[in-house]
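Read through the structure below, which is laid out as structure tokens, and then see the notes.
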Amino acid sequence: MSPAVGAAAPLLTRRETPAERRLLICRAVFNVSTTIIGAGIMSIPATLKVVGVIPAFILMAVMAVLVDISVDFLLRFTYAGNATTYAGLMKESFGKMGSLLLQICIIITSLGCLIMYLIIIGDVLCGNGSPDHLGVLQEWFGNHWWNSRAFAIFFVVLFVMLPLVSYRRVESLWWSSALAVVLALVFVGVCVVMAICALVNGETQTPRLLPRLPDGPSFLNLFTAVPVIVTAFTFHFNVHPIGIELGKPSTMATAVKISLLLCALVYFSIGIFGYLLFGEAINADILVNFAAAGTSSGSATGAVLNDVVRLSYALHLVMVFPLLNYPLRSNIDELFFPEKKLHLSNDTVRFACLSLVLLALAYGAAVLVPSIWYIFQFLGSTSAVLLAFIFPGAIALRDIHGISSRKDKIVATIMIIQAIVTSCIAISSNVYNIITGANS
């Protein structure tokens, strides 16, 4: 189950009963959905503020369809050849440089996501330093050294994350993925209830259906929402680890379709109801809004609901963390220790050292980085778009097994072009904003 670059054995297929197939699909849906949702919920409402409700809905629908197509490319070419991993697939098509570039992108994307998770958990527990955004611990116990941001994240990493990342096989994490999906649904459900109550009481703000169209460089800011949505739907680094245990490509394809539909509904629900609740005041991290609402709420029930929303999602991210840590650790092992004959899961020293080093890196970055929006934009404009669209499209165009139809190649070309164009515009807009912000 290691993402070994040079793995040569084809994915195994076996016959299973209908009940076994349903169970396998159910477990895969949990793992895929958990990988997709991750921290994406946090910034989806802010994208509605940037581009408007209707364009955001269209973007999410198009992104889900393109992701489904790109995963189909990966599965078809995997089963047509001898590769058992994404890196192995890239090596078949583009040699060692292709697999190396793929592994670097997986490492950047996975590590970036893990840092975002710790940032959000830190925001929930300890706030972000603003008097309007107190953490749950400060609200409950006041300010003390033991509930400072750095110490609280360190405690979570050491006593919660470390035991979870000690699981050595990705299929062992299906139970935590199931719990993560339930917690995400609780988060969305409470948000929906709060938005409906606010709507009944006339306290909601009317969301913009279409974006404002400013002139000049400000217009390019509309494209910064695209990388956020790309990152929110990227799970390609876990397609092979999850798919191998299923045996048949049709089973994984079914699980992916169900997961994409579920996640698109979750994303749009939290987007529209979060936007209804907070309107133009919505932050890049919606939990900041809930923290401020809980602080200013004169109702004990309102304060409790806001704490439930924040804590449910923080616990969700705790459950997601090991699933994202798995491809990160495996690809770093393959990158730096390619000659090791003993599998990572069987080498206790190597496994423990990599786990500790990665946790330390994620912790240090989470303490230093101020906002998840910057990470979302960077990942969505670079490594995530490569993993989700450019690499799968390139594999389909390379077509070393001769299985791509003319339609496949047209779709792959369109996929690559739109990914490059939107990424370049988003990167240009981000660089312009950084330069103008530094000079202002």
Side-chain angles (χ1 to χ4, degrees), residues 1-5 31 34-35 38-39 85-87 99-122 149-173 176-177 180 231 234-242 314-340 342-369 372 374-376 378-379 382-384 387:
M1 193 112 16
S2 164
V5 175
N31 280 334
T34 299
T35 307
T85 67
Y86 199 167
S99 65
L100 176 62
L101 182 58
L102 183 280
Q103 287 179 314
I104 292 173
C105 288
I106 289 178
I107 291 169
I108 292 173
T109 303
S110 302
L111 183 58
C113 288
L114 295 186
I115 293 169
M116 282 192 292
Y117 297 169
L118 292 182
I119 291 172
I120 294 171
I121 292 170
R149 184 182 180 87
F151 185 84
I153 296 178
F154 178 77
F155 183 90
V156 171
V157 167
L158 185 61
F159 294 102
V160 182
M161 298 303 190
L162 182 57
L164 287 174
V165 302
S166 297
Y167 283 94
R168 304 193 183 196
R169 297 177 65 86
V170 71
E171 63 265 30
S172 302
L173 297 170
S176 64
S177 296
T231 306
T234 300
F235 70 101
H236 299 66
F237 41 76
N238 263 340
V239 167
H240 289 82
I242 296 171
L315 289 173
H316 164 78
L317 294 182
V318 168
M319 297 296 104
V320 177
F321 195 95
L323 198 62
L324 269 290
N325 184 76
Y326 183 88
L328 172 63
R329 182 175 52 206
S330 298
N331 279 275
I332 286 181
D333 180 66
E334 280 294 324
L335 186 60
F336 291 102
F337 307 104
E339 303 301 325
K340 292 286 185 180
L342 191 62
H343 189 277
L344 177 62
S345 63
N346 298 321
D347 189 329
T348 301
V349 174
R350 200 162 91 246
F351 182 88
C353 288
L354 277 176
S355 299
L356 291 172
V357 168
L358 292 176
L359 284 176
L361 285 174
Y363 167 76
V367 172
L368 295 174
V369 177
I372 64 170
Y374 300 116
I375 301 179
F376 261 118
F378 172 76
L379 294 180
T382 55
S383 59
L387 291 173

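None of these values were measured; they are calculated from a predicted model.
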Margin query: Using the rule given for side chain to side chain contact (heavy atoms under 4.5 Å, CB included), can you reason through I121 versus R149, listing the C-alpha separation, both sets of side-chain angles and the distance that settles it, and then say yes or no?
Written below: CA-CA 9 Å; I121 292 170; R149 184 182 180 87; over 6 Å; no

Next item on the list: Drop me the distance from L164's CG to F159's CZ, to the nearest 0.5 angstrom.
Entry: 14.0 Å

Next item on the list: Would you mind reporting whether T34 and M319 have side-chain heavy atoms less than 4.5 Å apart?
Entry: no

Item checked: Contacts of type side chain to side chain contact (heavy atoms under 4.5 Å, CB included), residue V357, not counting sequence neighbours -> L361

Next item on the list: Please examine the side chains of M161 and V156, heavy atoms only from C-beta on, and report whether any two atoms are closer than 4.5 Å.
Entry: yes

Next item on the list: Any chance you could measure L102, atom CG, to I107, atom CD1, to the nearest 0.5 Å?
Entry: 10.0 Å

Next item on the list: Can you label the angle between the Y86 ring and the H236 ring as parallel, tilted or perpendicular, going by 30° and 60°?
Entry: tilted

Notebook entry, point to check: Can you find a heavy atom in the side chain of L335 that is under 4.5 Å from one in the side chain of L100?
Noted result: yes

Notebook entry, point to check: With sequence neighbours excluded, what pairs up with F351 under the side chain to side chain contact (heavy atoms under 4.5 Å, CB included) test?
Noted result: R168, R329, L344, S355

Notebook entry, point to check: Are L118 and L317 close enough that some pair of their side-chain heavy atoms sits under 4.5 Å apart?
Noted result: no

Item checked: Interatomic spacing from CG in D333 to CG in L354 - rounded to 0.5 Å -> 5.5 Å

Notebook entry, point to check: Do L324 and F237 have side-chain heavy atoms sitting under 4.5 Å apart?
Noted result: yes

Next item on the list: Of all the heavy-atom pairs spanning A180 and V320, show the shortest one and how long it is.
Entry: CB-CG2, 4.1 Å

Notebook entry, point to check: Could you state the interatomic distance from CG (N31) to OH (Y326), rounded to the nearest 0.5 Å?
Noted result: 11.0 Å

Notebook entry, point to check: Which heavy atom of P327 sits nearest a heavy atom of S110, and at what distance?
Noted result: CG-OG, 4.1 Å

Notebook entry, point to check: Which pairs, with at least one residue in residues 151-162 and sequence neighbours excluded, count as a side-chain hydrogen bond (donor to acceptor under 3.5 Å, both in side chains)?
Noted result: none

Margin query: Would you compute the distance between atom CD1 of I104 and atom CD1 of I332 and round it to the nearest 0.5 angstrom?
Written below: 11.0 Å

Notebook entry, point to check: Considering only heavy atoms from C-beta outward, does the side chain of L162 approach that of L356 to under 4.5 Å?
Noted result: yes

Note to self: Once rounded to the nearest 0.5 Å, what's the spacing between atom CG of L359 and atom CZ of F154?
What the structure shows: 10.5 Å

Note to self: Quick check: closest heavy atoms across S383 and T109, and the distance to 0.1 Å?
What the structure shows: OG-OG1, 2.7 Å

Note to self: Could you check whether any side-chain N or O of N325 sits under 3.5 Å from a backbone N or O of F321, counting only pairs where one atom can act as donor and the other as acceptor?
What the structure shows: no

Check: Judged by atom type as modelled, is there a donor-acceptor pair below 3.5 Å linking the side chain of N238 to the main-chain atoms of L323?
Finding: yes

Notebook entry, point to check: Do I106 and L328 have side chains that get closer than 4.5 Å, going by heavy atoms?
Noted result: no

Margin query: Does any part of the side chain of Y167, heavy atoms only, come nearer than 4.5 Å to the side chain of P322, both counted from C-beta?
Written below: no

